[in-house]
Asks: 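Structure in structure tokens, see below.
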Amino acid sequence: DASVAAVLAAVRGTVLEGRVLEVAYDAETRGYNARAFHADVDGRGPCLVIGKTTKGSRFAGFNPLGFYSVEDYRESGNAFLCKWRSDAAFRRGDAPSDVANVLPGGNAAIFDFGAQGPCFGVDALRVPLGFAPPNGSSYAGVGGSFDLGEANATGSRECKSRLGTHYESFEDGSGLFKEGAGATLAELRVYYAP
């Protein structure tokens, strides 16, 4: 599969370069839900989140810290988002066409909440995979956690992206999705090195 080359090209220069990568989470088989996402990826270390929208936009986000449902944002100067010119370019194994690094300081690079899927910055890439409580966290109240319940833990294929707040903007001013700021997912996978 030539798309494996695209995944390997996306992790070039990261701690995942040169390592055997495996799929930790695949929404196609596990469902588009935050509970399954965190059950599969939490504690596995650095990872690459790769998505495809229903209109064919291919994008990825590198999380050098990994996900742990810490109910907070995390800092990292090594996180980045990227996209491919087209789905065909990804399937050919091309390297990403555009890369948006986290802005200097890496503040709020990764939002790591158990009631949500992967989130990079406050708005650079948000993939809720469910319906988080109003405060954006799965933590609610003193000493307790928000019960996701089935209604809140599943069902969302919507994703959003706005570059420039915590991550660089692309030189041409485009975003991650050709659809604009919001899109609907057709695929979502997370790769890690066991």
Asks: So, for Asp112 and Tyr68, which heavy atoms are closest and what is the spacing to 0.1 Å?
Replies: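 Looking at all heavy atoms of both residues, the shortest contact is OD2-N, 2.7 Å.
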
Asks: Just how far is it from atom CD of Glu28 to atom CG of Leu188, taken to the nearest 0.5 Å?
Replies: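 Answer for the CD-CG pair, Glu28 versus Leu188, is 10.5 Å.
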
Asks: Indicate, with yes or no, if Val190 and Tyr192 share a hydrophobic cluster defined by side-chain heavy-atom contacts under 4.5 Å among Ile, Leu, Val, Met, Phe, Trp and Tyr.
Replies: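 No, Tyr192 and Val190 fall in different hydrophobic clusters.
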
Asks: Could you state the interatomic distance from OH (Tyr32) to CZ (Arg157), rounded to the nearest 0.5 Å?
Replies: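 Reported value, rounded in 0.5 Å steps: 4.0 Å.
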
Asks: Check whether any side-chain heavy atom of Arg58 lies under 4.5 Å from a side-chain heavy atom of Glu187, and answer yes or no.
Replies: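 A side-chain contact under 4.5 Å exists here.
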
Asks: Checking Ser3 now: which residues fulfil side chain to side chain donor-acceptor pair (under 3.5 Å) with it, not counting sequence neighbours?
Replies: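 If we apply the side chain to side chain donor-acceptor pair (under 3.5 Å) test to Ser3, skipping adjacent residues, the hits are Asp1.
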
Asks: Has the side chain of Lys178 got a donor or acceptor atom that lies under 3.5 Å from a matching backbone atom of Lys55?
Replies: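 Checked: pair present.
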
Asks: Once rounded to the nearest 0.5 Å, what's the spacing between atom CG of Leu125 and atom CG of Leu81?
Replies: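 Between atom CG of Leu125 and atom CG of Leu81 there are 5.5 Å.
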
Asks: Decide if atom NZ of Lys160 counts as having more than 12 heavy atoms of other residues, nucleotides or ligands within a radius under 6.0 Å.
Replies: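 Incorrect, the count does not exceed 12.
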
Asks: Is there any side chain to side chain donor-acceptor pair (under 3.5 Å) pair reaching into residues 5-24, and which pairs are they, with sequence neighbours excluded?
Replies: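 Counting only pairs at least two positions apart or across chains, no side chain to side chain donor-acceptor pair (under 3.5 Å) contact touches residues 5-24.
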
Asks: Is any side-chain heavy atom of Glu168 less than 4.5 Å from a side-chain heavy atom of Leu103?
Replies: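 Side chain of Glu168 against side chain of Leu103, heavy atoms only: contact under 4.5 Å found.
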
Asks: Nearest 0.5 Å please: distance from the OG1 atom of Thr53 over to the NZ atom of Lys83.
Replies: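 Thr53 OG1 to Lys83 NZ: 11.0 Å, rounded to 0.5 Å.
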
Asks: Determine the minimum heavy-atom distance between Gly164 and Ser169, stating which atoms define it.
Replies: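 Scanning both residues completely, I find the closest heavy atoms to be CA-OG, 3.5 Å.
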
Asks: Between Glu158 and Pro128 (side chain of the first, backbone of the second, donor and acceptor by atom type, cut-off under 3.5 Å), is there such a pair?
Replies: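 Not confirmed, Glu158 side chain does not pair with Pro128 backbone.
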
Asks: Mark yes when over 12 heavy atoms from residues, nucleotides or ligands other than Arg74 sit less than 6.0 Å from its CZ; otherwise mark no.
Replies: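 Enclosed.
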
Asks: Which residues pass the salt bridge (Lys or Arg N to Asp or Glu O under 4.0 Å) test with Arg92, not counting sequence neighbours?
Replies: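 Salt bridge (Lys or Arg N to Asp or Glu O under 4.0 Å) check on Arg92 returns Asp94.
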
Asks: Taking atom CG of Asp123 and atom OG of Ser161, what is their separation to the nearest 0.5 Å?
Replies: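 So the CG of Asp123 and the OG of Ser161 are separated by 7.5 Å.
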
Asks: For Cys159 versus Val127, what's the shortest heavy-atom pair and its separation?
Replies: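 For Cys159 and Val127, the tightest heavy-atom pair comes out as CB-CG2, 4.0 Å.
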
Asks: To check you understand the geometry: which heavy-atom pair defines the closest contact between Gly117 and Ala34, and what is its length?
Replies: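 For Gly117 versus Ala34, the nearest heavy atoms are N-CB, 4.2 Å.
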
Asks: Taking transitive links into account, so neighbours of neighbours count too, which hydrophobic residues share a cluster with Val4 at under 4.5 Å side-chain distance?
Replies: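 Val7, Leu8, Val11, Val15, Leu16, Leu21, Val23, Leu48, Ile50, Phe62, Phe80, Trp84, Phe90, Val99, Tyr191, all in the cluster of Val4.
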
Asks: Which atom pair, heavy atoms only, marks the closest approach of Ala100 to Tyr167?
Replies: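 Looking at all heavy atoms of both residues, the shortest contact is O-CD2, 3.5 Å.
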
Asks: Applying side chain to side chain donor-acceptor pair (under 3.5 Å), name anything that partners Asp98, two or more places apart in sequence or on another chain.
Replies: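 So Asp98 forms no side chain to side chain donor-acceptor pair (under 3.5 Å) with any residue.
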
Asks: Test Ser76 against Asn78 for side chain to side chain donor-acceptor pair (under 3.5 Å), laying out the working first.
Replies: CA-CA 5 Å; Ser76 170; Asn78 298 318; 4.7 Å; no

Asks: For the pair Cys47 and Phe67, evaluate side-chain contact (heavy atoms from CB on, under 4.5 Å) and give the outcome as yes or no after the intermediate values.
Replies: CA-CA 8 Å; Cys47 59; Phe67 292 98; 3.6 Å; yes

Asks: How close do Ala108 and His166 get, heavy atom to heavy atom, and via which atoms?
Replies: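 Scanning both residues completely, I find the closest heavy atoms to be CB-NE2, 3.6 Å.
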
Asks: Rounded to the nearest 0.5 Å, how far apart are OG of Ser57 and NZ of Lys52?
Replies: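 Result: 10.0 Å between the selected atoms.
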
Asks: Identify, with sequence neighbours excluded, every residue that meets side chain to side chain donor-acceptor pair (under 3.5 Å) alongside Asp42.
Replies: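 Side chain to side chain donor-acceptor pair (under 3.5 Å) list for Asp42, sorted by chain: His38, Ser69.
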
Asks: Show, in sequence, the C-alpha distance, side-chain angles and deciding distance for Gln116 and Leu129, and conclude whether the side-chain contact (heavy atoms from CB on, under 4.5 Å) test is met.
Replies: CA-CA 6 Å; Gln116 301 177 34; Leu129 295 180; over 6 Å; no

Asks: Around Tyr73, counting heavy atoms of other residues, nucleotides and ligands shown, do more than 12 lie under 6.0 Å from its OH?
Replies: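 At most 12 heavy atoms, drawn from other residues, nucleotides or ligands, come within 6.0 Å of this atom.
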
Asks: I'd like to know if Val70 and Leu65 are part of one continuous hydrophobic network [Ile/Leu/Val/Met/Phe/Trp/Tyr, side-chain heavy atoms within less than 4.5 Å].
Replies: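 Cluster IDs for Leu65 and Val70 differ.
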
